Each structure stands twice: as C-alpha cells, then as structure tokens.
Participant: 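Just dropping this structure here.
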Amino acid sequence: MWSQRHGRLRPVGCGVEELRRRRREREAALRKARREQQLVSKRLLRDDAPEEADGGCVAPILGETEIQQFLRLSQRGTEEKERERALVTLRRGLQHPETQQTFIGLEGSMRTLVGLLTSNQALLQLEAARCLHELSHSEQSAVAEACLPATSYLLTYVSGHSSDLIELCLYTLGNLIVESEAVRRQLLPQGIVPALAACIQSPHLTVLEALGYALSQLLQAKEAPEKIIPSTSAGSSVLGSTLPQHMLQLLQPGPKLNPEVAVEFAWCLHYIICSQVNNALLITHGALSTLGLLLLDLAGAVQRSENAGLELLVCPVLRCLSNLLTEAVVEAVGGQVQLRDERVVAALFILLQFFLQKQPSLLPEGLWLLNNLTANSPSFCTSLLSLDLIEPLLQLLPVSNVVSVLVLTVLCNVAEKGPAYCQHLWPGPLLPSLLETLAFSDTEVVGQSLELLQLLFLYRPEAAQDFLQQSGLHALERHEEEAQLQDRVHALRQTALHG
Amino acid sequence: MSGSAPTASRTGAGRPWLRRRVEMQLPPALHARLLAGPGATEPLPVERDPSAGAAPFRFAARQVRFPREHEFFEDGDVQRHLYLQDVLTQVAGPPERPRVPEFTCQVAGCCQVFDVLEAYEHHYHALHRNVCSFCKRAFPSGHLLDIHILEWHDSLFQILAERQDMYQCLVEGCTEKFKTSKDRKDHLVRRHLYPADFRFDKPKKSRGPGPPAALQEPAGALGEGGLPLEGEDMEVCSEHTAPPAEPRGERRTHGHRIPSTVCFGQGAARGFKSTKKRNKQQ
C-alpha cells in the first residue's frame, strides 16, 4: 500500500545538485510568500509520450501568424491526424510564456480553443484541454484569467466520464482557483462544489488525486471560512455537500487507501478544520476515529518503508487531530471515547522518531498533538508512563528551543495530575535533563523547567532533596537576575530549602 | 544582567535549530503495542493541590488550537507547497501506457483506430457514452443527456411545460426549473455566470455566425454553436426536428444512451464498458 511515490508530476532532466539548489531557492521563496500570506502554488500535468520527451528538441516559441495558422489548421484541417498534430504543436509552443502572451493577445483565440474543447473529436478535445492547462499554469495573471471563458465547460466535463479529460479539467481548475478571488466568485456560482461532490465517487485514483488538489486549492482561499466552507446553503458549500463524508472515507486505512489521494484530502480536511466553521459536524462523521486509525497505520508504514514521502501525509493528519481535540464538543459527542486508544500515543512516538530522522522541522507539530492528548487526559498521561516514553521524550530536549518547551510542557501535563504521576517521574532521568535545560539561555525553556520543578517538588518532596544534592541551586543562580524568571527562581529555592 | 536571552530562534524562523546530533531510542515493546489491540491502562488517580501553578508560577495544562495563518504551521505549509510544485517528488518516468495491437472502435459508423487502451477509453466516453438514442447527439455528461431527452424526445414534455415549469437548470446541483428555455438561459447567465452562448444550450438551427434563431429549442449538440466548425457533424440525424415515436417507458434506462444502431458485432466494446460501470459503482 505505502509504496514509493510514482512521481507522475515531476521536473525532468537535471542532476541531483541542480535539484537541491532549485529546491533551496524555491523553499526560501515559499517561506517569504507564507509570511506575506501569499502562499499559492500550481501544479503542472505533463504526460508527454516518451518519444516526445526523448526527442530533446525544445518546442519553439510561436509567433502570431504561426498560432493563427495552427489554430486554423486544428479547426478546419482536412484530415483528423493533421488537425491533431497542429494542436499538439500549438500546445508545446504554449509551454513558453512568450507564446502564451501572444496567444491571449490574439482576438478569438480563446474562443477557438473553447470550440475545440467542446468539439466532437475526442483527441482534439483532449489536446485543447491540455492547451488550457498550460495556460492555467502561467505565473502571469492575465494569461490564467484569459481561461475564464472555459470554466463552465471545464466544470461540465468534470461531470463526464472520460477519466483523462476529467483529470486535466480538475488540475486546470485547481490552477485557476488560486489566481484571484474574482475567479472563485465565478466558479462558485457555476457549481464547482456540487461538481466536485459528484466526481468524488469516481473509481479512478488519478481523478481523485486531481480532485483533492482542486478542492484543497479552493479551501486555501482567504475567503473560504466565510464563503466556501459554511454549511448554510446546502449543496453549494463544502460542509453542506456530501464531500466531508467521502473525504473521510478516502482517508480510512485499509487496502484501498492510496497515499497520493490521501495526502490531498488530508490537507483539505486541515484547511476545513483550522477554519473552525463547524468542526462538530466532522466529529459526528467520525473524523476523530478515522484520523486516529490513519495515524496508527502511518506509524506502521514508516517502520516498513524508508523513503516514501509519508511526512507529507503525516503532517496534515497531526494538525487535524490536534485541532479537533480542542473542540468543546469532543466530550459531548464521545470524542474521548473515540480517541482513548493508547496506541495513538505509541504511534505518535514512532512518528516523532521518524520526523527526527527525516524532517525535524515537523517535530513541533507532533509534540503539539502530544500536548493536546495529554493536557486533559489522565489516561494518556498514564500511558506515557506505562509505555516507558518519558526517556525518549527527554531525548528530544536538545533538538531546539521550540521542541524543548513543548517537551517540558508535556511533562508538566503529566506532573500536574498529582503525586501518583510524579512518583513515576522521579527518580529517573528527569533530574539530569532538567539540570541541563536550566543551563539553556532561552527564557522560555528555563521558565518551563522551573514550572516542572515546582510541580515535582510539590507532589514529590524527595525530588527537592535530590535537586539540592546535585547542585541544583547553582543551576538556579544563573537566572536570578532575569526579570521574567527571578520570582520563580526565588520561590523554587525557598521550596527546595525549606519544603 | 538585563532582560532575557533572545528568543528569536524559537519564534521567528520557526525552523528548529538542531543543536547537535540527537538520537531517540524507543522501547522495543512500543512496536508490539502498536500491533496489539486497542485499549488503555487504567489511569492513575488524579490528585491536584491548589497551590500547584499558584503565583509566581503559572502553568496550567491546556490544549492549544492554531488558526490556519499561524506561524507554527510555516514549516509544514512550505513542505506542502514544495510538494505541489513538485520539487519534492522522486524522479520517475511517466506511467507506461502499454501499446496494444491496433483495433477499431466497434460502435457502428465509427471507424476510429487505436493502439492504446486509454485513448480508446477517452474516445468512447467522449463520443459514445452519453449519446441520445433518438438523434445520435453526444453529450458531455449524463445530466445534460437526460435533460436533452426529456425536452426533445418526450412527447408529454411540451404539454406539461404549458402547465408547470419544466426546463431544468443545466447546472448539476441546482434544482431550479423554468417555464421556457429562454428563462433558463437568463438564469444560467445571471445566477451561474454561464456564457450566453453556452454550447450545450444552443438552439440547433443557429448554425454559423448568423443571428440567433428562436430559443425555444434547447440543448444543442456537440460541435454546434459559436464556432463555425466545419465537417464536424456526428449528429447524423440533426436535421430531424420531430421526435420519433419510441416507447417512453424506458427513457431513462442506460440502454437508451447507446445508439440504437449499436446492437451486435461489438462484444468487445460492451464487455469493456460494463466492467467500467461496475467499477464505478463500488
């Protein structure tokens, strides 16, 4: 099930070094865009036949006359093969931004392309859809927006039966969606949500992945929490449609689960959940138990396969679970019953270990879930102790300050449950670790260490004695002068010395 | 000493700064626990002291929720978009589409040749799946075909349309109905922002660039409409306006979407199609 990604959508023809460099550049650009709240991406689907790729000849940039000529030929050529060839040449030309600009500047060009898209020659239709897809991928807003006259047809074909065409239409729509709010204001009345809701029952995995992509693009929109997700207008909004149930079905672990499809829908769910529109509805559809089971499945999968890009799926699943746990309704609809299984904690630790090796930047997200699991649950805190997970948790302390604070917070969650819990925390490896974190210079790490010590001294007085013996006071002294820490340092010293 | 140590490394970049090589050793029993059944150990008794977390201490166990734009999500979001832009994907070839011995489309009157199954599949779905059995027009979706059959070939339709709104909206998911196809067109344009010349809602006589004919006859066929597409006609019977008298009872059964000319000598095509259908329903 969790096999290597097949990489259908990929860059081609460059070495490892070049790929790494490009990746670093891209990452920096994305980080900047994220901070400016401009994070949008498009996907390019090019499924060229091998002979085309091997040929090595880069398609030439087309001028006005050539574009007109190819359009005329594909429209009225005498032979079908000839018409198709003309459109293929045009499509390859459209891979160049220059040709795209020329194309949209030509009067009637889009009209002709839409005509070919709706023609009764199956292959011409597919080629026309590919041309539109190239245009939709453009970084130039004007180019992508020139595709707007085609959207009603793209949506019509999404309800069709040809999986190749549906896939193309969905990726094209997914690219257009992020172009502007104006585009979305056209797509929503044209019925994009019901069209997607009907299409999600497709048996084709490529269609489902494309659909998940388009839907995730729609849900990422800034106005999504107000205009796209709410369940007020039945059918035309995401929560008012049948999409949520189907999305959850596609995330159910089992032999039918497909990683690429699941990645897209897990992100869709994340965008819905963090918008906090009606998370109670998702919980009643069983979101907590489905995602919990998926987490178990993923933990099993990372142990089996080395490099399958699973972090791409783990990340949104963690986010969904973690945010859902904060819903007040979780108790009311039996969420705690759904997620009381201590295997969730076991799975989470296996995933933390996986992140540490593969993608340490995602460790905080895993620890955030651990916090939300343990904050109000004596049961999960007890599992942490009975499964011997305190020591592995402490091993994460050196990773980073963010990680340290989260680790210490989880330990505080356990300690604040009282003497029975602290008895398991002390003696043990906790003291040497805390003496180390007291030596950190980060105020928040030290502050959280002080909080943990206070709880321990309170519920496990013997701990104070050990602390004194191992020159804990010396470690505290370092922070005596720090404004944000000194009150707590003094109070802790008093407790340690005088009980 | 003044103030606190800089905390930029934890809040600013959101990128964990790996201080040194870290190993995480999990207890061996943990993997076994994952494979065993669900369950939880009996929780230890909770016994809180009111002085816990009292000033100057401030800890209280609490769940945290993050909104979508929170910086906590930056790293994960960047990974997601790297993946979307395909920088993360492993290098691999396109899916192989095996060539098969050349074969011809089995639908009567169609002589298209194929050597890739997927190409045939697309051809079949585009041209032969949603075909009106009365007038041979092909439609892009079952929804549009259903509406076409009802409005063009149901002899009761005109009678009923005089009494009640019968023209269904073409947008899937919209349940509105209208007295005339003109009203529907207005609705499509105003409510759904459809183009005024939507090709699947064309009166069939408005061929070519001439002024639009009366709008009473809805649901044009593929290839018709705005563009003067030449030599494109597959709707061989498109000149017939009068609906042929056919039994109405089976109108909505799937069989009627297959041209009536398709009745024998196409076992392969039927077999192929019916497996697709079964898959679709699971």
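Since the structure is predicted, the reported quantities are computational estimates derived from the model, not experimental observations. Letters go in sequence order (proteins before strands), and every chain restarts at 1.
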Participant: Can you find a pair of side-chain heavy atoms, one from B/R80 and one from A/P316, that are under 4.5 Å apart?
Facilitator: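 B/R80 vs A/P316: side chains apart.
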Participant: Using every non-hydrogen atom in the two residues, find where B/E69 and A/R34 come nearest and quote the distance to one decimal.
Facilitator: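 Heavy-atom minimum between the residues: O-NH1, 3.3 Å.
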Participant: Mind checking whether B/L170 and A/T156 have side chains closer than 4.5 Å, heavy atoms only?
Facilitator: no
Participant: Evaluate side-chain contact (heavy atoms from CB on, under 4.5 Å) for A/R185 paired with B/L193, printing each intermediate quantity in order.
Facilitator: CA-CA 9 Å; A/R185 273 201 301 263; B/L193 308 181; 5.8 Å; no
Participant: Heavy-atom pairs under 4.5 Å with chain A - which of B/P67, B/A55, B/P45 has more of them than the others?
Facilitator: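 Highest number of heavy-atom pairs under 4.5 Å: B/P45.
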Participant: Report yes if some heavy atom in the side chain of A/L165 is under 4.5 Å from a heavy atom in the side chain of B/H125; otherwise report no.
Facilitator: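 No, side chains not in contact.
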Participant: For B/E71 and A/R35: C-alpha separation, side-chain torsions, deciding distance, then whether salt bridge (Lys or Arg N to Asp or Glu O under 4.0 Å) applies.
Facilitator: CA-CA 8 Å; B/E71 66 180 357; A/R35 283 178 206 150; over 6 Å; no
Participant: Highest number of heavy-atom pairs under 4.5 Å with chain A: which of B/R191, B/R48, B/E172?
Facilitator: B/R48
Participant: In the structure I gave you, are the side-chain heavy atoms of A/I350 and B/H31 within less than 4.5 Å of one another anywhere?
Facilitator: yes
Participant: Is there side-chain contact between A/Y421 and B/E47, with heavy atoms separated by less than 4.5 Å?
Facilitator: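 A/Y421 does not reach B/E47 side chain to side chain.
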Participant: Could you pull out the closest heavy-atom pair between B/R65 and A/N323, with the gap in Å?
Facilitator: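 For B/R65 versus A/N323, the nearest heavy atoms are CA-OD1, 3.3 Å.
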Participant: Report yes or no: do B/Q63 and A/T326 form a side-chain donor-acceptor pair below 3.5 Å?
Facilitator: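 There is no such pair (donor and acceptor under 3.5 Å, judged by atom type) between the side chains of B/Q63 and A/T326.
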Participant: If I compare all heavy atoms of A/G300 with all of B/L34, which pair ends up nearest, and what's the gap?
Facilitator: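 Shortest heavy-atom separation between A/G300 and B/L34 comes out as N-CD2, 3.9 Å.
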Participant: Answer yes when B/D77 and A/R319 have at least one side-chain N-carboxylate O distance shorter than 4.0 Å, and no when they do not.
Facilitator: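 A salt bridge is present here (some side-chain N lies under 4.0 Å from a carboxylate O).
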Participant: Could you check if a side-chain atom of B/F200 sits within less than 4.5 angstrom of a side-chain atom of A/T118, using non-hydrogen atoms only?
Facilitator: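 Contact flag for B/F200/A/T118 side chains = yes.
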Participant: Can you check whether A/H270 reaches B/F73 side chain to side chain, under 4.5 Å on heavy atoms?
Facilitator: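 Result yes, sub-4.5 Å side-chain heavy-atom pair found.
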Participant: Is there side-chain contact between B/F57 and A/L492, with heavy atoms separated by less than 4.5 Å?
Facilitator: yes
